[in-house]
Protein chains: 2
Amino acid sequence: MKLTQAQLSRIESGASDVRLATFVELARILDLEPVLVPRSALSGVNAVLRELEAGQDARTVRGAANDLMRIARDLRVRYPNDPLLDRLETLARDLHPLEPLFQSSPAQAELTDIVEDLRERAREPGSDLGGFRRGVDRLASLRNKLVHGQQTGERPAYTLDDED
Amino acid sequence: MKLTQAQLSRIESGASDVRLATFVELARILDLEPVLVPRSALSGVNAVLRELEAGQDARTVRGAANDLMRIARDLRVRYPNDPLLDRLETLARDLHPLEPLFQSSPAQAELTDIVEDLRERAREPGSDLGGFRRGVDRLASLRNKLVHGQQTGERPAYTLDDED
DNA sequence: CATAGCGATACATTTTTCCATATCAAATGG
DNA sequence: CCATTTGATATGGAAAAATGTATCGCTATG
């Protein structure tokens with residue numbers, strides 16, 4: 001498939017009901033992936049997409065996860081076997097797949113806030129583990145909230161996304 | 001558009017790269033909705049889809065999660081503040097969203113085995129926490145394995161879902 | 001054996017797609 | 001200021017492919 005200039009022109013002017021192969025190629029170029037979604041899953045998928053497209057900076061979550069991992073690793077020196085650090089690492093790892101859910105929501109803000117807090121507490125040597133634990137708990141509950149607030153819904157509709 | 005019998009025959013035999021309109025119509029008939037997903041959102045969307053299509057014997061994982069929560073709660077009576085129990089609870093909670101990953105894999109067996117083991121150890125009063133901890137570790141590593149063996153890496157090639 | 005149902009195929013039609021070329025706008029050079 | 005180049009978009013015509021209609025062959029069933 002070549003997707004020539006002429007072809008594009010006709011597509012843009014709506015003068016052509018392209019073939020599937022052409023369509024897919026075009027999607028690729030636009031960094032989109034055509035996916036067939038069962039109607040029953042539509043609302044869920046839409047939710048994910050909505051949250052994502054609102055937010056610009058996806059890297060923030062990844063960055064936060066990395067920060068948390070680093071914090072945990074640093075503290076290991078002092079508390080080699082502390083389960084609290086296990087927990088923190090687990091939570092940080094969990095962040096990655098949940099990325100889409102963080103976009104554009106206040107969750108993002110909360111997350112960076114938590115990271116800030118933990119970083120702060122980790123800095124002071126004899127830092128009270130109680131405060132640190134509270135931070136980790138905050139992270140955990142944020143995580144749980146996101147994962148669970150992922151309820152289903154209803155409303156099927158016709159939704160071929162736009163192009164151009 | 002009519003989607004005649006002849007056309008369907010050709011499509012099924014792969015002898016035709018349909019036009020977009022035909023494709024959409026076919027999707028409709030199959031109760032599917034074509035959606036263009038930004039690559040960056042693909043993992044999130046796939047997660048939702050996986051979760052949904054698991055639907056059938058999801059109860060097993062859920063059951064395991066509940067069992068684990070119960071075990072943890074019971075042990076609380078004796079060890080009110082043990083962080084190991086925190087960890088177990090966290091892991092149990094984590095199970096839910098990972099449900100789809102358990103489907104049909106040996107992971108399912110491993111999970112029930114772990115639950116069996118922990119239940120056993122929790123039964124005997126002065127049970128050695130070492131063994132119990134080992135069980136929890138097993139659960140954690142199973143979880144991590146699943147979560148990590150999950151990442152796509154790159155390009156889903158021509159991932160239009162199947163039809164027929 | 002007749003016939004009804006279903007999928008595959010032939011041939012005709014329609015439409016996309018490709019290649020070449022035209023059109024147009026903005027930029028560039030004398 | 002006009003001519004020419006350059007780049008990007010539209011269009012015409014030919015080739016290729018999808019779609020439609022009619023038909024054929026197979027299987028089941030009376």
Side-chain angles (χ1 to χ4, degrees), chain A residues 1-46 48-50 52-59 103-104 154-164, chain B residues 1-46 48-50 52-57 103-104 152-164:
Chain A
M1 192 90 316
K2 240 192 301 194
L3 196 49
T4 61
Q5 182 274 318
Q7 192 52 12
L8 241 180
S9 170
R10 277 184 258 253
I11 292 173
E12 287 175 356
S13 67
S16 179
D17 182 7
V18 296
R19 289 183 209 153
L20 187 54
T22 311
F23 175 71
V24 170
E25 192 195 358
L26 185 53
R28 278 268 162 64
I29 291 174
L30 298 176
D31 241 300
L32 297 171
E33 183 78 16
V35 174
L36 283 174
V37 178
R39 286 218 186 301
S40 53
L42 246 190
S43 57
V45 169
N46 279 337
V48 171
L49 292 181
R50 223 177 303 118
L52 176 123
E53 108 189 15
Q56 327 70 337
D57 196 351
R59 269 142 290 140
Q103 297 312 118
S104 91
E154 51 324 269
R155 201 202 63 174
Y158 182 31
T159 330
L160 249 193
D161 274 5
D162 53 71
E163 277 122 70
D164 76 339
Chain B
M1 192 95 309
K2 241 194 300 193
L3 195 48
T4 60
Q5 182 271 318
Q7 191 54 12
L8 240 180
S9 171
R10 278 184 283 242
I11 292 173
E12 287 176 355
S13 67
S16 181
D17 181 10
V18 297
R19 290 184 208 147
L20 188 52
T22 312
F23 175 71
V24 170
E25 191 195 358
L26 185 52
R28 278 267 168 64
I29 293 173
L30 298 176
D31 239 300
L32 296 171
E33 185 77 16
V35 174
L36 284 173
V37 178
R39 285 216 186 302
S40 52
L42 248 191
S43 60
V45 169
N46 279 336
V48 171
L49 292 181
R50 239 179 287 119
L52 175 122
E53 100 191 19
Q56 324 80 335
D57 52 348
Q103 294 314 119
S104 89
T152 58
E154 71 298 301
R155 249 250 240 134
Y158 202 79
T159 322
L160 277 181
D161 277 2
D162 55 72
E163 280 120 66
D164 77 343

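Letters A, B, ... mirror the listed sequences (proteins, then strands); counts begin at 1. These figures come from a predicted structure and were not determined experimentally.
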Tell me, for nucleotides 6-11 of chain D in 5' to 3' order, what letter each nucleotide earns: B for a base near a protein heavy atom under 4.0 Å, S for only sugar-phosphate near one, - for neither?
---BBB

Out of curiosity, B/Leu26 CG to B/Leu8 CG, how far, rounded to the nearest 0.5 Å?
6.5 Å

In this structure, how many angstroms lie between the C1' atom of C/dT17 and the CD1 atom of A/Ile11, rounded?
10 Å

Inter-end axis angle, the helix from C/dC1-D/dG30 to C/dG30-D/dC1, with every axis fitted to five base pairs (rounded, 10 degrees):
0°

So, does A/Thr4 get its side chain near the phosphate of C/dC19, meaning an N or O under 4.0 Å from OP1 or OP2?
no

Do you know which two heavy atoms are closest between B/Ala27 and A/Leu36, and how far apart they sit?
CB-CD2, 4.0 Å

Suppose we screen for side-chain contact (heavy atoms from CB on, under 4.5 Å). Which residues come up paired with B/Ser9, at least two apart in sequence or across chains?
B/Gln5

Without decimals, in angstroms, what is the distance between A/Glu25 CD and C/dT17 C1'?
12 Å

List the steps and the verdict of side-chain contact (heavy atoms from CB on, under 4.5 Å) for A/Leu3 and A/Ile29.
CA-CA 10 Å; A/Leu3 196 49; A/Ile29 291 174; 3.5 Å; yes

Roughly how far apart are A/Arg19 CZ and B/Leu20 CG, rounded to 0.5 Å?
12.5 Å

Could you walk me through whether B/Thr22 and A/Asp17 pass side-chain contact (heavy atoms from CB on, under 4.5 Å), step by step?
CA-CA 9 Å; B/Thr22 312; A/Asp17 182 7; 5.5 Å; no

Separation of atom CG in B/Leu3 from atom P in D/dA18, rounded to whole Å:
15 Å

